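When a ligand or atom number is given, it counts from 1 through the structure's own listing order. Since the model is a prediction, treat every value here as computed from it, not as a measurement.
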Amino acid sequence: MSRRKTPGVGDYPLPAGGWGALKAVAGALADQYTVVEGGRTLLSANQPDGFDCPGCAWPDPRHTSSFEFCENGAKAVAWEATGRRATPEVVGAHTVAELWRWSDHALEDLGRLTEPMRHDPSTDRFVRASWDEALTAIAAALRALPNADAAEFYASGRASNEAAFLFQLLGRRFGTNNFPDCSNMCHEPTSVGLAEQLGLGKGSVTLDDFDDADLILSFGHNPGTNHPRMMATLREAARRGATILVFNPMRERALEKFASPQDPVEMATLSSTDIAARYYQLKVGGDAAVLLGMMKAVIEADALDHAFIAEHTRGFETVRARARAARWPDIERRSGLTRDQIQEAAAIYARSRAAILCYGMGLTQHRSASSLVQQLVNLLLLRGQIGRPGAGICPLRGHSNVQGARTVGVTEKPSPALLDAIERTFGFTPPAAHGHTVPEAIEAMLAGDSRALICLGGNFAVAAPDPAQTFPAVRGLDLTVNIATKLNRTHLLPCKSAWLLPCLGRTEIDVQAGGRQSVTVEDSMSMVHASRGLNPPASPHLRSEPWIVAGIGRALFGPDDVIDWQGLVADYDRIRDRIEQVFPNQFEGFNARIRVPGGFRLPVPSGERVFATPDGRAAFLPYVLDVGTSEDAARGDSDVLVLTTLRSHDQYNTTIYGLNDRYRGVKGRRDLIFANIADLAARGLADGDRVDLRGAFDEGIERVLRGFTVIARDIPAGCLAAYYPEANPLLALSDRDQRSGTPAYKSMPVRMTKAG
Ligand SMILES: Nc1nc2c(c(=O)[nH]1)N[C@H]1C(S)=C(S)[C@@H](COP(=O)(O)OP(=O)(O)OC[C@H]3O[C@@H](n4cnc5c(=O)[nH]c(N)nc54)[C@H](O)[C@@H]3O)O[C@H]1N2
Ligand SMILES: Nc1nc2c(c(=O)[nH]1)N[C@H]1C(S)=C(S)[C@@H](COP(=O)(O)OP(=O)(O)OC[C@H]3O[C@@H](n4cnc5c(=O)[nH]c(N)nc54)[C@H](O)[C@@H]3O)O[C@H]1N2
Ligand SMILES: [Mo]
């Protein structure tokens with residue numbers, strides 16, 4: 001590939017991991033002035049008596065292991081344990097209009113928020129407030145809403161089970177099921193799709209299954225950056241001879257070669273382990289076609305588990321008929337892979353004894369994603385590759401407790417059973433009408449129906465698509481409340497009454513009336529365990545998330561409410577007792593069981609071939625396109641390219657630690673578009689040129705990204721990649737998976753031209 005020299009862009013010839021990772025940790029700690037404290041803090045991550053790492057939801061070997069090194073876990077911890085403080089003086093030194101012009105990195109880099117603040121519209125600055133003043137004013141503003149459904153209760157997946165449980169209780173006691181959740185931008189297609197198909201919207205495997213698998217299929221995730229502790233598992237699997245097949249439009253370094261910082265030999269000899277046996281660079285959005293092709297090949301070779309299909313499934317004939325009818329030229333065109341490649345992958349799968357299929361955002365952030373993830377399961381069902389040792393489905397969850405928040409009731413579509421249980425436990429009747437997902441919440445704000453937004457963490461407006469609509473939607477509200485550790489752009493969308501409430505982080509000691517508290521979280525594999533902070537709080541004014549949520553509840557409903565808000569937060573065992581009462585089948589003996597190191601596993605019936613569907617069978621479900629959208633995001637227009645969005649190695653979602661993306665050879669910048677050289681040539685562009693991107697099907701709203709630098713990369717023709725959240729202005733709010741509400745962040749239709 002011909003390459004012009006573009007500043008800050010090169011290659012990364014080394015294996016992922018290794019010395020580069022160790023060096024990066026030292027740098028991250030030094031940057032945040034946490035060298036001494038930080039080192040001690042790191043050693044407590046994921047230890048039996050320590051805190052759960054806020055980095056990701058990958059499980060630990062029973063949370064009882066010796067320290068497992070993780071570069072990006074270290075960055076997450078250092079970022080929270082920083083020595084910097086965003087006091088009211090520091091934040092209030094600038095108007096909100098000034099702060100708005102800062103980068104996302106600069107805002108959070110101000111450090112930890114220390115005291116409650118309110119926005120003063122007369123000066124456009126944040127000013128100090130007391131907890132009393134804040135909670136009283138928030139309760140008054142909520143009471144002033146025209147109806148309960150005018151409030152939106154957003155949760156990000158870092159909140160503990162205890163905080164999330166109280167949060168859903170607060171919303172339902174207030175009278176709404178409006179729980180837009182970060183999951184609506186993330187793994188909701190898993191919750192929807194797998195639930196319909198397997199009776200449980202979660203993964204079926206355990207960590208031990210990886211020891212038994214002889215094949216691991218990896219679709220659309222980048223563990224070297226986003227689930228680094230998974231690299232130890234993949235490396236072990238590769239070294240003992242398991243085959244790993246990767247399906248990803250980008251060549252991700254860690255999926256090719258990885259050196260373990262914990263292996264003295266690899267570190268000393270600068271050697272590494274090959275991860276992927278085959279790396280299939282399919283087109284962005286080409287997964288449905290690849291899966292159809294693989295199913296076709298497996299069915300035609302009759303490599304099926306007929307007994308399993310007969311005994312445990314329904315719907316096989318429809319899926320078989322679809323696969324047989326599919327034509328290879330169509331499959332090749334839509335997938336970007338050749339028939340030979342797909343048949344090769346299918347043959348490897350057909351020979352495997354036990355296969356695990358892993359996937360991430362590359363699958364869930366498309367139109368029809370709920371149906372797409374079901375195709376992954378179809379492929380497994382064909383060969384009975386679920387519910388036995390070494391086989392099953394493994395969605396890689398995002399936030400460290402996003403799965404747990406859902407388990408304890410943060411859902412906009414509560415089941416009748418959940419509503420009954422809440423009524424029985426607390427003695428009030430919760431609302432039954434379904435509430436809003438994230439995009440629906442934004443639409444309701446634009447329509448003027450939603451008037452208040454309470455955020456338990458996260459960066460709602462920046463994580464969401466379409467700032468051209470989302471930012472004004474939040475600015476137009478009557479009330480915003482952000483419970484947060486650090487300042488971000490969502491906080492800078494002041495409306496009539498805007499509050500910033502600072503909370504403790506996971507790494508910090510949480511003391512309540514009843515003494516020192518632990519919280520609990522659930523990982524990607526349904527393991528629940530305790531998490532206990534050990535650092536002194538960043539400020540004496542910080543309160544825990546449960547305390548803040550309960551504080552709003554008490555201010556809103558008074559001390560004589562049917563819910564004893566104050567009593568519950570005095571001792572989190574009481575919150576856990578209530579969780580057990582509401583979910584007796586899952587949390588029986590909750591308080592006793594989290595006192596055992598490593599915690600316990602929630603029931604995962606699909607892992608034992610028990611499918612909690614209406615007929616007790618796992619369902620083969622054909623791929624269904626969303627009404628009104630085309631599978632091919634380019635919609636038949638040859639000028640339109642399909643843009644996917646990525647996380648760099650130096651970010652945690654909208655938290656930008658730094659501007660490098662080491663494994664993609666990028667230094668000091670994020671204003672990049674990765675493109676195929678043929679697509680550049682077709683537009684008269686060269687590597688390093690500045691370009692504008694425009695949303696292709698805009699229907700009246702102009703969506704543009706100006707002056708980004710285009711880089712020729714090994715990515716299939718017709719596809720582009722850029723960083724999240726920079727590219728979010730290009731995605732229309734309406735472009736989403738209809739069933740889960742998940743925005744199509746991984747298939748934005750755009751046009752690319754030389755910068756104007
Ligand atoms: N350090 C760090 N850790 C994190 C996070 C973080 O930002 N930083 N975020 C957390 C969260 S909330 C989440 S959800 C997870 C996200 O973890 P991932 O799912 O790994 O997240 P992405 O960076 O979005 O990467 C998706 C991968 O999908 C590929 N891809 C893009 N489009 C397609 C496609 O159409 N098909 C296929 N097959 N592949 C595609 C991309 O090339 C990329 O390798 O990580 C969690 N952990
Ligand atoms: N284009 C594009 N857009 C995407 C994605 C994508 O792949 N591409 N991914 C989507 C995904 S998977 C997700 S999960 C969402 C993420 O959406 P969110 O979860 O809303 O966003 P985060 O960036 O994780 O939130 C960061 C903020 O959380 C706060 N915070 C950090 N720790 C704590 C804590 O312990 N308690 C509290 N209360 N607050 C805390 C800090 O103030 C910080 O600024 O973004 C989505 N948006
Ligand atoms: Mo996520």
Side-chain angles (χ1 to χ4, degrees), residues 54-58 70-73 75-76 79-80 104 107-108 113 154-160 163 181-187 218-228 246-252 255 280 282-287 290 359-366 396-400 402 438 455-465 482-491 501-508 545 548 642-657 674 715 719 721-728 730-731 742-743 745-748:
C56 77
W58 184 255
C70 170
E71 174 191 347
N72 280 352
K75 285 184 205 157
W79 196 248
E80 181 172 298
D104 293 326
L107 292 175
E108 285 208 27
L113 295 164
Y154 174 73
S156 168
R158 227 179 242 200
S160 62
D181 187 271
C182 74
S183 185
N184 293 134
M185 301 189 263
C186 183
H187 258 295
S218 149
F219 276 84
H221 65 113
N222 184 21
T225 288
N226 298 317
H227 301 91
V246 172
F247 298 84
N248 195 312
M250 298 277 289
R251 293 203 79 90
E252 303 292 18
L255 291 171
Y280 298 110
L282 79 177
K283 271 194 202 170
V284 168
D287 304 85
V290 170
Y359 68 99
M361 296 298 102
L363 274 278
T364 61
Q365 296 175 331
H366 296 280
L396 289 142
R397 293 278 169 171
H399 271 298
S400 48
V402 58
V438 166
C455 294
L456 182 58
N459 190 354
F460 177 87
V462 177
N482 278 287
I483 301 168
T485 51
K486 293 207 171 177
L487 189 68
N488 66 45
R489 197 168 299 284
T490 299
H491 310 159
L501 306 181
C503 65
L504 293 171
R506 271 235 191 115
T507 54
E508 289 165 327
E545 291 176 338
I548 296 170
V642 182
L643 171 74
T644 192
T645 52
L646 312 166
R647 291 162 166 77
S648 77
H649 196 62
D650 274 1
Q651 78 182 81
Y652 194 93
N653 297 339
T654 68
T655 295
I656 311 298
Y657 303 131
F674 300 105
I715 180 172
C719 308
Y723 293 119
Y724 142 60
E726 282 80 354
N728 288 28
L730 292 167
L731 186 64
T742 308
Y745 298 118
K746 296 283 190 278
S747 50
M748 310 187 185

Consider every N or O of Arg506 and every N or O of ligand 2, then say whether any pair is closer than 3.5 Å.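 N/O-N/O distance below 3.5 Å does not exist for this pair.
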Quick check: Ile483 and ligand 2, any N/O pair under 3.5 Å apart?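 N/O-N/O distance under 3.5 Å: yes.
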Considering only non-hydrogen protein atoms, determine which one is nearest to [atom] and report residue, atom name and distance to 0.1 Å.
{"atom": "atom 21 (O) of ligand 2", "result": "Asn459 N, 3.5 Å"}
{"atom": "atom 42 (O) of ligand 1", "result": "Asn248 OD1, 2.7 Å"}
{"atom": "atom 39 (N) of ligand 2", "result": "Gly457 CA, 3.4 Å"}
{"atom": "atom 43 (C) of ligand 2", "result": "Glu108 OE2, 3.4 Å"}
{"atom": "atom 8 (N) of ligand 2", "result": "Thr645 OG1, 2.9 Å"}
{"atom": "atom 40 (C) of ligand 2", "result": "Thr485 OG1, 3.4 Å"}
{"atom": "atom 35 (O) of ligand 2", "result": "Arg158 CD, 3.8 Å"}
{"atom": "atom 14 (S) of ligand 1", "result": "Cys186 SG, 3.2 Å"}
{"atom": "atom 41 (C) of ligand 1", "result": "Leu646 CD2, 3.4 Å"}
{"atom": "atom 36 (N) of ligand 1", "result": "Asp287 OD1, 2.8 Å"}
{"atom": "atom 15 (C) of ligand 2", "result": "Tyr724 OH, 3.6 Å"}
{"atom": "atom 20 (O) of ligand 1", "result": "Asn222 N, 2.8 Å"}
{"atom": "atom 44 (O) of ligand 1", "result": "Glu252 OE2, 2.6 Å"}
{"atom": "atom 10 (C) of ligand 2", "result": "Met185 O, 3.4 Å"}
{"atom": "atom 2 (C) of ligand 1", "result": "Asn226 OD1, 3.5 Å"}
{"atom": "atom 12 (S) of ligand 1", "result": "Asn653 ND2, 3.3 Å"}

At a 4.0 Å threshold, what atoms of ligand 1 neighbour a non-hydrogen atom of [X]?
{"X": "Thr225", "result": "1 (N), 2 (C), 3 (N)"}
{"X": "His227", "result": "15 (C), 17 (O), 45 (O)"}
{"X": "Met250", "result": "42 (O)"}
{"X": "Gly220", "result": "19 (O), 26 (C), 27 (C), 28 (O), 37 (C), 38 (N), 39 (N)"}

Determine yes or no for a side-chain-to-main-chain donor-acceptor pair under 3.5 angstrom, with [X] supplying the side chain and [Y] the backbone.
{"X": "Lys75", "Y": "His649", "value": "yes"}
{"X": "Asn184", "Y": "Asp181", "value": "yes"}
{"X": "Thr654", "Y": "Asn459", "value": "no"}
{"X": "Lys746", "Y": "Thr364", "value": "no"}
{"X": "Asn488", "Y": "Thr490", "value": "yes"}
{"X": "Ser183", "Y": "Cys186", "value": "no"}

Atoms of ligand 2, numbered as shown, that sit under 4.0 Å from any heavy atom of [X]:
{"X": "Tyr154", "value": "17 (O), 18 (P), 19 (O), 20 (O)"}
{"X": "Cys503", "value": "36 (N), 37 (C), 38 (N)"}
{"X": "Cys182", "value": "19 (O)"}
{"X": "Ser156", "value": "18 (P), 19 (O)"}
{"X": "Asn488", "value": "27 (C), 42 (O), 43 (C), 44 (O)"}
{"X": "Glu545", "value": "34 (C), 36 (N), 37 (C), 38 (N)"}

Consider ligand 2: state whether an atom of it lies below 4.0 angstrom from any non-hydrogen atom of Lys746.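 Yes, that is the case, since the closest heavy atom of the residue is under 4.0 Å from the ligand.
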Where does [X] meet ligand 1, judged by heavy-atom distances below 4.0 Å: at the side chain, the backbone, both, or neither?
{"X": "Tyr652", "result": "both"}
{"X": "Val402", "result": "neither"}
{"X": "His187", "result": "neither"}
{"X": "Thr644", "result": "side chain"}

Just let me know how [X] lines up against ligand 2, side chain, backbone, both or neither, with a heavy-atom cut-off below 4.0 Å.
{"X": "Asn728", "result": "side chain"}
{"X": "Thr654", "result": "both"}
{"X": "Met361", "result": "side chain"}
{"X": "Arg647", "result": "side chain"}

Kindly confirm or rule out an N or O of [X] lying under 3.5 angstrom from an N or O of ligand 1.
{"X": "Lys283", "answer": "no"}
{"X": "His399", "answer": "no"}
{"X": "Gly285", "answer": "yes"}
{"X": "Gln365", "answer": "no"}
{"X": "Gly398", "answer": "no"}

Identify the residue among His187, His366, His227 that makes a ring pair (Phe, Tyr, Trp, His ring centres under 6.0 Å) with Tyr359.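 Only one of His187, His366, His227 forms a ring pair (Phe, Tyr, Trp, His ring centres under 6.0 Å) with Tyr359, namely His187.
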Quiz question: by atom type and distance under 3.5 Å, do the side chains of Arg506 and Ser400 form a donor-acceptor pair?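 There is such a pair (donor and acceptor under 3.5 Å, judged by atom type) between the side chains of Arg506 and Ser400.
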Arg647 and Asn653 side chains, donor-acceptor separation under 3.5 Å: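 Yes, a side-chain donor-acceptor pair sits under 3.5 Å.
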Considering Thr655, Ile656, Asn482, which one's heavy-atom position lies nearest to atom 26 (C) of ligand 2?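 Selected option, by shortest heavy-atom distance: Thr655.
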Could you name the option among Cys455, Gly458, Ala463, Gly360 that has the heavy atom nearest to atom 25 (O) of ligand 2?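 Going through Cys455, Gly458, Ala463, Gly360 one by one, Gly458 has the nearest heavy atom to atom 25 (O) of ligand 2.
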Should the pair Tyr723 and Phe674 be assigned to parallel (<30°), tilted (30 to 60°) or perpendicular (>60°) ring geometry?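 Perpendicular, since the angle between the ring planes exceeds 60°.
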Verdict with supporting geometry, Thr225 and Asn72, side-chain contact (heavy atoms from CB on, under 4.5 Å): CA-CA 7 Å; Thr225 288; Asn72 280 352; 3.9 Å; yes
Aromatic ring proximity, centroids under 6.0 angstrom, Phe460 and His491: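 Here the rings of Phe460 and His491 have centres that are no less than 6.0 Å from each other.
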Would you say the ring centers of Phe247 and His221 fall short of 6.0 Å from each other?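 Judged by ring-centre distance (under 6.0 Å), Phe247 and His221 do not meet the cut-off.
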Would you check, one step at a time, whether the test ring pair (Phe, Tyr, Trp, His ring centres under 6.0 Å) holds for Tyr657 with Trp79? CA-CA 8 Å; Tyr657 303 131; Trp79 196 248; 5.4 Å; yes
I'd like to check the side chain to side chain donor-acceptor pair (under 3.5 Å) partners of Thr655; sequence neighbours left out, ordered by chain and number.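 Partners of Thr655 under the side chain to side chain donor-acceptor pair (under 3.5 Å) test: Glu108.
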